[in-house]
**Student:** 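Following this message is one structure expressed as structure tokens.
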Amino acid sequence: MYIKRGLFMKTKEIVDDVTMKRAITRITYEIIERNKNLDNIVLAGIKTRGVFIARRIQDRLKQLEGIDIPLGELDTKPFRDDMKVEEDTTDMPVDITGKDVILVDDVLYTGRTIRAALDAVMDMGRPKAIQLAVLIDRGHRELPIRADFAGKNVPTSHKEAINVYLAEEDGIDEVAIGDIEE
């Protein structure tokens, strides 16, 4: 049975709510292992779903390490090379200069959103380092960008789409893969 959602006809759920929670917990543990000084971390969620995933990572860090990590909301649209948007709705609560910034997004595909996010971050200051955490890495990079932390690698074709649904925005936690509608 097909359920129409967004850009494609849903054909297969590849991540359910339990698997998503596990993936976010695994990403959080990997962030802890890789970053010795958690006090220097700033999470930067890429709008919109990356912000929700970043909040979940922030909550897990609080539960596991008892530390409040600053979280900003990054708007990449003004830095995209495929659209012209004047208004920047980025909200970064701290100065990122000298910080370890972890960009968080839902799906890593061509790398163009991440390139725009890097430009946005560099426009705000000079971080010590920038890392990338994504819930889904689907391949097909057009730029030399890779995720430092990935919840799940999902090989896809260009004729397929990945849609991430999060309870905060969609009322359900799941990731689905389907054919792009023509």
Side-chain angles (χ1 to χ4, degrees), residues 5-6 12-76 89-109 111 113-118 120-121 124-125 127-139 145-156 162-177:
R5 286 197 181 164
K12 183 179 177 189
E13 177 185 316
I14 55 174
V15 174
D16 62 12
D17 58 339
V18 172
T19 306
M20 185 180 296
K21 185 175 183 179
R22 286 180 185 147
I24 290 170
T25 297
R26 186 173 53 255
I27 289 169
T28 305
Y29 275 115
E30 290 175 6
I31 288 170
I32 293 167
E33 289 173 11
R34 179 167 297 174
N35 295 278
K36 303 297 181 220
N37 183 6
L38 295 176
D39 292 325
N40 202 47
I41 289 177
V42 175
L43 295 171
I46 298 173
K47 290 188 172 186
T48 297
R49 285 170 177 77
V51 174
F52 299 130
I53 295 167
R55 283 188 190 136
R56 293 180 187 193
I57 292 169
Q58 181 188 43
D59 290 344
R60 289 299 285 147
L61 284 166
K62 175 99 172 148
Q63 292 170 351
L64 296 169
E65 297 293 316
I67 187 167
D68 282 317
I69 301 293
L71 180 126
E73 299 182 8
L74 200 58
D75 184 358
T76 60
T89 62
T90 294
D91 179 21
M92 188 59 66
V94 296
D95 181 7
I96 62 162
T97 301
K99 299 289 187 180
D100 294 310
V101 175
I102 301 176
L103 298 174
V104 181
D105 205 4
D106 57 349
V107 178
L108 176 56
Y109 183 32
T113 297
I114 304 307
R115 188 219 39 90
L118 291 168
V121 167
M124 288 183 274
K128 178 181 172 194
I130 301 174
Q131 299 168 34
L132 175 59
V134 296
L135 182 62
I136 304 293
D137 184 345
R138 64 172 287 188
I145 290 172
R146 67 166 177 77
D148 297 286
F149 316 104
K152 186 170 180 73
N153 290 295
V154 180
T156 62
I162 299 275
N163 273 8
V164 174
Y165 302 99
L166 298 173
E168 298 91 336
E169 184 82 3
D170 309 301
I172 186 172
D173 282 340
E174 78 171 21
V175 179
I177 187 170

**Student:** Would you be so kind as to tabulate the donor-acceptor pairs closer than 3.5 Å made by side chains of residues 23-32, with sequence neighbours excluded?
**Tutor:**
residue : atom : partner : partner atom : Å
T25     : OG1  : K21     : O            : 3.0
T25     : OG1  : R60     : NE           : 3.2
R26     : NH2  : G151    : O            : 2.4
T28     : OG1  : I24     : O            : 2.8

**Student:** Could you check whether any side-chain N or O of N37 sits under 3.5 Å from a backbone N or O of D39, counting only pairs where one atom can act as donor and the other as acceptor?
**Tutor:**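 Looks like yes, one N/O pair under 3.5 Å.
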**Student:** Checking D148 side chain against L132 main chain: does a donor-acceptor pair fall under 3.5 Å?
**Tutor:**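 Side chain of D148 to backbone of L132: a pair is present.
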**Student:** With salt bridge (charged side-chain N to carboxylate O under 4.0 Å, His left out) as the test, would you mind laying out the steps for D68 and K62 before giving the verdict?
**Tutor:** CA-CA 6 Å; D68 282 317; K62 175 99 172 148; 3.4 Å; yes
**Student:** Whether the side chain of Q58 engages the backbone of I69 through a donor-acceptor N/O pair (distance < 3.5 Å, no angle test) should be reported.
**Tutor:**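 A pair under 3.5 Å: yes.
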**Student:** Take E73 and I46, measure what side-chain contact (heavy atoms from CB on, under 4.5 Å) needs, and give me the verdict at the end.
**Tutor:** CA-CA 6 Å; E73 299 182 8; I46 298 173; over 6 Å; no
**Student:** Any side-chain donor-acceptor pair under 3.5 Å between K47 and T89?
**Tutor:**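 A donor-acceptor contact under 3.5 Å links the two side chains.
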**Student:** Report the C-alpha separation of D170 and R49 in whole Å, then their side-chain angles, then the decisive distance to 0.1 Å, and conclude whether the salt bridge (charged side-chain N to carboxylate O under 4.0 Å, His left out) test is met.
**Tutor:** CA-CA 10 Å; D170 309 301; R49 285 170 177 77; 2.8 Å; yes
**Student:** Return yes if some donor-acceptor pair links the side-chain N/O of D100 with the main-chain N/O of L38 below 3.5 Å, else return no.
**Tutor:**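 No; judged by distance alone, with no hydrogens or angles, the pair does not exist.
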**Student:** Tell me, do M20 and D16 make a side-chain contact under 4.5 Å, heavy atoms counted?
**Tutor:**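 Side chain of M20 against side chain of D16, heavy atoms only: no contact under 4.5 Å found.
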**Student:** Please answer whether the main-chain N or O of A176 pairs with a side-chain N or O of N163 as donor and acceptor at a distance below 3.5 Å.
**Tutor:**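 No; zero donor-acceptor contacts below 3.5 Å.
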**Student:** How about V42 and M92: do any of their side-chain heavy atoms sit closer than 4.5 Å?
**Tutor:**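 The answer is yes, as the side chains (C-beta and beyond) meet within the 4.5 Å cut-off.
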**Student:** With sequence neighbours left out, what residues match Q131 under side chain to side chain donor-acceptor pair (under 3.5 Å)?
**Tutor:**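 Scan of Q131 (side chain to side chain donor-acceptor pair (under 3.5 Å), adjacent residues dropped) gives N35.
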**Student:** So, using ring pair (Phe, Tyr, Trp, His ring centres under 6.0 Å) as the criterion, who are the partners of Y109 when residues are at least two apart?
**Tutor:**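 If we apply the ring pair (Phe, Tyr, Trp, His ring centres under 6.0 Å) test to Y109, skipping adjacent residues, the hits are H140.
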**Student:** Checking T156 side chain against R138 main chain: does a donor-acceptor pair fall under 3.5 Å?
**Tutor:**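 Yes, T156 side chain to R138 backbone: donor-acceptor pair under 3.5 Å.
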